[in-house]
Amino acid sequence: MAVALGTEPFIDVVRRVAAQRGDAPAVDELSYSELWRQTARVAGKLAGYGVVRGDRVAIYSENRRGFVLAYLALLRLGAIAVPTNVLYRAADLGNILSDAKPRVVVGSEQTRPHVPAAMPFVDAAEIEAWAKDASLPSTFDDVPVAPDDVAIMIYTSGTTGRAKGALITHGNLSAIAAQVGEAWHWTSADTLLITLPLFHVHGLCAGLNGTLAAGAHAIVRERFDVNDVVKLLQSGDVTLFFGVPTMYVRFIEKIPPQKFPHVRLFVSGSAALPADVHQAFEEKFGASILERYGSTEFGFPLGNRYEGPRVVGSVGVPMPGVEVTIVAPKTTDRVAPGEVGELLVSGPNVCHGYWDRPEAMADAFVDFDGRRWFRSGDSMRFDPEAGVYIVMGRLKELIISGGFNVYPLEVEAEMRLYPGVRDAALVGIHDAARGEIPVAFIEADPGFETDAFLAVMRERLASFKLPKSVRIVDALPRNAMGKVEKQRLKASAEEKP
Ligand code: AMP
């Protein structure tokens, strides 16, 4: 492996690769040497804004060239980049600004109106102009950083409580890039198409950083447009594509059957890839999607094997350098193989804590067996026969009905198999007798009959797992990563039981 896991700051890796791969394309048409020169100019200008080592700088922008340049420039300054979801508005953005206290916000024309006027603001377009300004110095004396220094801080998309800034170090970034690089056989001959937002770890740490660590090429698009994506995948340049499940659903719905002979790997993550989506994609496009599991706090600890077989409905095996174990929630007692518990993760990919939240640190980390483990908050099961891990859902989304555990992902997978169900979500609402009862939200085709559906479910599911009411919706509410916003569903179900 080219990069020792987490022992070298990621920006040192980029510096080395930039020196070795000078003329090769790095990001869109920008070569490695030009990328390095342009980030030097941006670093110099940001230093002029008073940005120094350890300062936070929010990047509240769509996937723009200015995002990439600002991010790398901040790493060169030893400052802490705070990639921020562009969908955040006054309340969520306000929390981040008051918590992180950024020296500057790097934004865009679209996000500018949402940033308080008193906040120092630099438009991504201005960053792009600095980068090309030949009158500015094209070298910069990088501020030395250690692997354990914080490189970026990403606020968890948590749907309950105040968002927490996960502290991701320079060593975490290089470890994650090396892990995905090794697991997915990334080489300098690869081109990745990035349409995932760069403000999230999937697009940034796996996508952009994985590309740069491999000396490969990234084509960055502002958003996912399935027709534009198909054109690029057929152009012959792109070899890798990373998506979230909703993107693959879009392929299945909108794109006629065809092969993508140049694309060697499709990856899905950030939410469960339903088995029917995996199968339909394979039937229509002849490619088996590789599903991986990860989060803001611990990168990508599990993934299906590159060489296969890719076990549908599973998130595969530990990535290089990762240890995982499954314990009874809130304990350190390992469950028996095959039983459900909470996944704990240990490895150089695990973040170092949360910004200014000692109490959250104490809840999230636990030391035993000579290692520091992170409590994922996800229910998981190891399937001893297939030798793979299976996600059962967020622990806090677990429904306990009459003392029985109902894992929403399991019931949702079953509901999706019923003809006419396009998508389904299960949430628990308060019930005086049983504590909680499951309620289903369904995106259904016209003609869907709830009674007939429930009759089939009754045959296939234990009575305590059966939805006690079914709500038909036009579309399930989703966040920027395509994840269903269960808290919103729960609130609406509790309002109108
Ligand atoms: P985030 O930090 O926003 O990326 O959210 C991380 C959470 O997304 C994880 O803790 C899981 O609950 C969920 N997640 C990520 N990947 C998968 C996957 N392949 N299958 C099921 N859930 C996933």
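Position 1 is the first residue of the sequence; numbering continues from there. Numbering of ligands and ligand atoms starts at 1, following listing order.
Counting heavy atoms from C-beta outward, Asp333 and Val327 have side chains that stay 4.5 Å or more apart.
Put simply, no part of Gly377 is less than 4.0 Å from ligand 1, judged by heavy atoms. Contact analysis leaves Thr156 out of contact with ligand 1, as no non-hydrogen atom separation drops below 4.0 angstrom.
Using modelled atom types, one finds a donor on one side chain and an acceptor on the other under 3.5 Å when comparing Glu62 with Ser108.
Proximity of His200 to ligand 1, defined as any heavy-atom pair under 4.0 Å, is confined to the side chain (atoms from C-beta onward). Looking at Lys483 against ligand 1, only its side chain comes within 4.0 Å, counting heavy atoms. With a 4.0 Å heavy-atom cut-off, ligand 1 is reached by the backbone of Ser295 and by its side chain too. The backbone of Ala271, and not its side chain, has at least one atom closer than 4.0 Å to an atom of ligand 1 (non-hydrogen atoms only; backbone = N, CA, C, O). Contact annotation for Thr296 and ligand 1: heavy atoms of both the backbone and the side chain come within less than 4.0 Å of the ligand.
With respect to Glu410 and Lys465, a salt bridge is recorded, a charged nitrogen being found less than 4.0 Å from a carboxylate O.
Which parts of ligand 1 touch Val315 is read off a 4.0 Å heavy-atom cut-off, strictly below it: atoms 19 (N).
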Asp369 and Arg334: salt bridge (charged side-chain N to carboxylate O under 4.0 Å, His left out), yes or no, with the steps? CA-CA 12 Å; Asp369 277 0; Arg334 289 190 166 90; 3.0 Å; yes
